[in-house]
2 protein chains.
Amino acid sequence: MDKNKMKHLPHKTIERLSQYRRALLLCHAQGQTHIFSHEIAKIQHITAVQVRRDIMLIGYTGTLRKGYNIEELIALIGRILDTDEGIKACVVGIGNLGRAFINYFKGKRTKLSIVAAFDNNPNKVVKNFCNTETFHIDELERIVKQKGISIGIITVSPEAAPEVTEKLVKAGIKGILNYTPKPVNVPAHVYLEEYDMITSLEKVAFFVKTHSE
Amino acid sequence: MDKNKMKHLPHKTIERLSQYRRALLLCHAQGQTHIFSHEIAKIQHITAVQVRRDIMLIGYTGTLRKGYNIEELIALIGRILDTDEGIKACVVGIGNLGRAFINYFKGKRTKLSIVAAFDNNPNKVVKNFCNTETFHIDELERIVKQKGISIGIITVSPEAAPEVTEKLVKAGIKGILNYTPKPVNVPAHVYLEEYDMITSLEKVAFFVKTHSE
DNA sequence: TTCACAATGTTAATTTATTAACAATTTCTT
DNA sequence: AAGAAATTGTTAATAAATTAACATTGTGAA
């Protein structure tokens with residue numbers, strides 16, 4: 001697809017493309033070759049129109065009676081979400097959440113990989129975790145530059161978040177995913193995404209509450 | 001505020017209210033008594049207008065030259081997000097992520113609490129974790145009913161997600177927060193929120209990629 | 001062959017969310 | 001006391017996201 005258009009894909013479409021791919025990979029692994037928009041929709045709990053619209057936006061065309069070719073669609077989503085060289089990320093904070101992330105991500109994607117993990121507690125740096133090399137936080141800048149890491153995932157305690165962010169920015173990171181409840185500040189050229197588990201839980205609680213009133 | 005209006009608060013406003021409260025609690029703990037919309041905005045990386053609009057929607061009014069009374073605002077957000085009796089949640093899957101959630105949530109809120117954790121591995125059920133009682137998954141239905149748990153947080157492996165969901169629904173749960181990459185199906189009366197870490201990371205990667213092209 | 005069906009692709013309409021604009025008002029300064 | 005500055009509250013405008021509507025087109029059945 002046209003690179004110019006690619007930049008203007010809506011945020012929500014990007015998120016869904018990632019999810020489509022995940023579902024498609026699963027179907028592909030099971031030997032399925034084609035899929036209809038309403039099948040994807042069912043899996044993702046959204047409407048078939050939305051699926052077709054997203055796919056239209058990325059410029060792919062299915063066949064009328066067989067739906068979308070799964071392999072082709074996976075490849076195209078890859079061309080949009082991935083880069084040829086691959087993107088490297090690191091986890092900062094080897095606690096439960098950091099470990100969950102590394103463990104969970106292991107071997108899932110080829111073009112996006114977690115190549116290092118950092119912690120300030122020397123006890124947590126003694127050995128590799130799930131094939132991911134671990135380092136002391138003081139080595140962050142050196143390792144980030146040496147390995148060409150462009151994304152940092154923050155899973156430290158909230159108090160440590162600002163300091164860690166600063167270190168990451170200083171090391172030249174391009175994007176940050178902050179799992180701390182403390183919002184952090186980054187310069188404009190760094191893309192920031194924040195997620196807080198408590199907010200999600202409180203949201204669920206709110207809708208549970210209002211539904212039952 | 002009027003209960004009728006409360007139901008119609010936008011989803012995004014609900015999320016932000018949760019975040020405002022968190023920030024406000026912090027300010028309050030530091031002895032601050034009032035806060036301006038632009039101060040809240042700065043913390044949350046949003047605009048002051050949005051803050052004022054959200055606060056308008058919940059029917060609160062600040063004072064013109066001092067801003068918002070932090071205690072009052074915290075109390076009001078509490079009346080919207082919380083219930084008098086409190087809401088109980090449980091974690092299913094005592095792996096790294098489940099532990100992270102429990103540990104992280106501990107003591108943060110009074111009206112929303114994680115009162116149980118389940119796992120199918122007996123080795124993980126031997127003792128309490130962070131003051132949260134742990135049980136074998138077979139006890140789920142009994143415990144959920146006994147304790148009046150209304151929210152389930154799924155942190156098991158993707159393969160186990162559908163089965164766990166079914167158990168939770170069968171036990172009468174009202175809301176589910178699914179951290180598995182596998183979308184699950186629930187009946188209409190159960191509120192479902194799903195979050196996938198890989199999608200977030202791929203989104204960051206995409207914007208890092210497009211920014212640098 | 002022809003017709004009905006089931007699917008895609010796309011434009012238009014609608015809804016939801018954000019941002020802009022600005023009146024109103026209190027406090028501070030002079 | 002008068003005027004400037006700063007801040008809220010709210011309506012109007014804009015932008016983003018979703019949904020509806022429908023034309024189009026292969027395919028299979030009668």
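The sequence lines fix the lettering, A, B, ..., with proteins before strands; numbering per chain opens at 1.
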Could you walk me through whether B:E85 and B:K111 satisfy the salt bridge (Lys or Arg N to Asp or Glu O under 4.0 Å) test, starting with their C-alpha distance in whole Å, then the side-chain angles of each, then the deciding distance to 0.1 Å, before giving a yes or no?
CA-CA 7 Å; B:E85 329 78 55; B:K111 293 297 185 181; over 6 Å; no
Working note: B:E202 + A:R21, criterion salt bridge (Lys or Arg N to Asp or Glu O under 4.0 Å); need CA distance, chi angles, decisive distance, verdict.
CA-CA 11 Å; B:E202 291 192 331; A:R21 172 160 71 174; 2.8 Å; yes
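The nearest whole Å value for the distance from the CG atom in B:D54 to the C1' atom in D:dT10 is 14 Å. A:L57 places its CG atom 11 Å from the P atom of C:dT11, with the value rounded to the nearest Å. The distance from atom OH of B:Y60 to atom P of D:dT7 is 17 Å, rounded to the nearest whole Å. Between the C1' atom of C:dT15 and the NZ atom of A:K12 lies a distance of 14 Å, rounded to the nearest Å. The NE2 atom of A:H11 sits 13 Å away from the C1' atom of D:dA15 (whole-angstrom rounding). Taking atom CD1 on A:I14 and atom C1' on D:dA17, their separation rounds to 14 Å, with Å as the unit. Computed from coordinates, the A:I55 CD1 to C:dT8 C1' distance equals 10 Å when rounded to whole Å. One can place OH of A:Y68 at 13 Å from C1' of C:dA6, the figure rounded to the nearest angstrom.
For the pair B:K106 (side chain) and B:C130 (backbone), a donor-acceptor distance under 3.5 Å is absent. One N or O on the side chain of A:H45 and one on the backbone of B:V184 form a donor-acceptor pair closer than 3.5 Å. At least one donor-acceptor pair under 3.5 Å links the side chain of A:Q32 to the backbone N or O of A:H34.
Nearest-nucleotide positions on DNA chain C for A:G67 and B:R16 put A:G67 closer to the 5' end.
In the model, A:S200 has a side-chain atom that pairs as donor or acceptor with a side-chain atom of A:Y195 under 3.5 Å. Defined by atom type and a distance below 3.5 Å, a donor-acceptor pair is present between the side-chain atoms of B:D54 and B:Y20.
Proximity of B:T61 to the phosphate of D:dT8: no side-chain N or O atom is located under 4.0 Å from OP1 or OP2.
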The contact string for nucleotides 24-30 of chain D, one letter per nucleotide 5' to 3', using protein heavy atoms under 4.0 Å with B, S and - for base, sugar-phosphate only and none, comes out as -BBS---
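For the atom pair CD1 (B:I151) and NZ (A:K209), the distance works out to 12.0 Å, reported to the nearest 0.5 Å. Note that the CZ atom of B:R22 and the CG atom of B:L24 stand 10.5 Å from one another [nearest 0.5 Å].
For the segment residues 31-53 of chain B, residues with any heavy atom less than 4.0 angstrom from an atom of DNA chain D are, sorted by number, B:F36, B:S37, B:H38, B:R52, B:R53.
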